[in-house]
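Worth knowing before you read on, the calculation uses all heavy atoms, side chains too, and leaves out hydrogens, waters and symmetry mates.
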Amino acid sequence: ANEVGEAFRIQVHVNWVRFSYVVASGYVAADTAHKTQLEYQASGNRWNSRVAFACLDSLVWQSLASVIVPGLTINRICWAANLTINKLIRMRTLTTVGPLTTRWLVTGIGLGSIPFIVGPIDRTVHSAMDGSLRRFAPKAEQPTSTKGED
């Protein structure tokens, strides 16, 4: 939601962009609650360090991968697109592009870039989490038998 909000930032009042972050943050909260509940149930309905870590891990990962990094990325893509289009207009390379067209071009570039940023952002956040927070994850209980498990 916030990526779309950032793409439309040039078109709408900033409060709509802020609202898109509220929606995205609601998703983060819901996913964190879901992942925490699953770990809680897997722990025999007992709160323990694994449940707490599942909550923290989900909250941090989703905040980074679903809200902070994509929002910043689309914001900067749209900023650069707007800057470039306006520079081309000033250089008279683009002569028939008015303010309305410029706004829609920037929005289109922002929306069009969303599918291309998801995979790289997810991989980068996974790697960063694996090299930092996840190094402190509580150890899983050792299974009694590993036969047939990957």
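Rounded to the nearest 0.5 angstrom, Tyr27 OH and Ser63 OG are separated by 11.5 Å. Separating the CD1 atom in Ile114 from the CD1 atom in Ile121 is a distance of 10.0 Å, to the nearest 0.5 Å. Note that the OG1 atom of Thr84 and the CG atom of Leu105 stand 11.5 Å from one another [nearest 0.5 Å]. Rounding to the nearest 0.5 angstrom, the gap separating the OG atom in Ser25 from the CG atom in Asn2 is 7.5 Å. Rounding to the nearest 0.5 Å gives a distance of 13.5 Å between CG of Asn82 and NZ of Lys87. Rounded to the nearest 0.5 Å, atoms NZ (Lys35) and CG (Leu56) are 14.0 Å apart.
One hydrophobic cluster holds both Ile109 and Leu100 under the rule that ILVMFWY side chains link at heavy-atom gaps under 4.5 Å. Leu133 and Ile68 fall within a single hydrophobic cluster, where Ile, Leu, Val, Met, Phe, Trp and Tyr side chains are chained together by heavy-atom contacts under 4.5 Å. Cluster membership for Leu88 and Leu83, using ILVMFWY side-chain heavy atoms within less than 4.5 angstrom, is not shared. At a threshold of 4.5 Å between side-chain heavy atoms, the hydrophobic network of Ile, Leu, Val, Met, Phe, Trp and Tyr places Trp79 and Val17 in two separate groups.
Counting only distance, with no hydrogens or angles, the side chain of Asn48 and the backbone of Val51 share a donor-acceptor pair below 3.5 Å. In this structure, Thr101 contributes its side chain and Val97 its backbone to no donor-acceptor pair below 3.5 Å. Using a distance-only test at 3.5 Å, with no hydrogens or angles considered, a donor-acceptor pair links the side chain of Arg50 to the main chain of Pro138. Looking at Thr32, its side chain does come within 3.5 Å of a backbone N or O of Val28 through a donor-acceptor pair.
Sorted by first and then second residue, the ring-ring contact (aromatic ring centres under 6.0 Å, His included) pairs with a member in residues 28-59 form an empty list; sequence neighbours excluded. Pairs of residues two or more places apart, or lying in two chains, that qualify as ring-ring contact (aromatic ring centres under 6.0 Å, His included) and include a residue from residues 106-134 are Trp61-His126.
Closest non-hydrogen pair, Gly71 versus Tyr21, comes out as CA-OH, 3.4 Å. Residues Ala24 and Val67 share a closest heavy-atom pair of CB-CG2, 3.8 Å. Here the closest non-hydrogen pair linking Leu111 and Pro115 is O-CD, 3.6 Å. The minimum heavy-atom distance linking Ile10 with Arg103 is given by the pair O-CD, 3.3 Å. What you find for Ser20 and Ala1 is that their closest heavy atoms are CB-O, 3.4 Å. The shortest heavy-atom contact between Ala7 and Gly110 is CB-C, 3.9 Å.
Of the listed residues (Ile74, Thr107, Leu72, Ile77), just one forms a side-chain contact (heavy atoms from CB on, under 4.5 Å) with Glu6, and that residue is Ile74.
In this structure, the side chains of Val118 and Pro70 stay at 4.5 Å or more apart for every pair of heavy atoms. Side-chain contact between Glu39 and Thr36: absent, with no pair of heavy atoms (C-beta onward) separated by less than 4.5 Å.
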Handout entry: Working for side chain to side chain contact (heavy atoms under 4.5 Å, CB included), residues Gln11 and Trp104
Key = CA-CA 8 Å; Gln11 305 268 4; Trp104 279 107; 3.2 Å; yes
Exercise for the section: Kindly indicate, with the supporting measurements, whether the criterion side-chain hydrogen bond (donor to acceptor under 3.5 Å, both in side chains) is fulfilled by Gln62 and Ser58. Expected result: CA-CA 6 Å; Gln62 287 292 353; Ser58 180; 5.3 Å; no
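Hydrophobic cluster membership of Phe136, counting Ile, Leu, Val, Met, Phe, Trp and Tyr whose side-chain heavy atoms lie under 4.5 Å apart directly or via other members: none, as it forms a cluster of its own.
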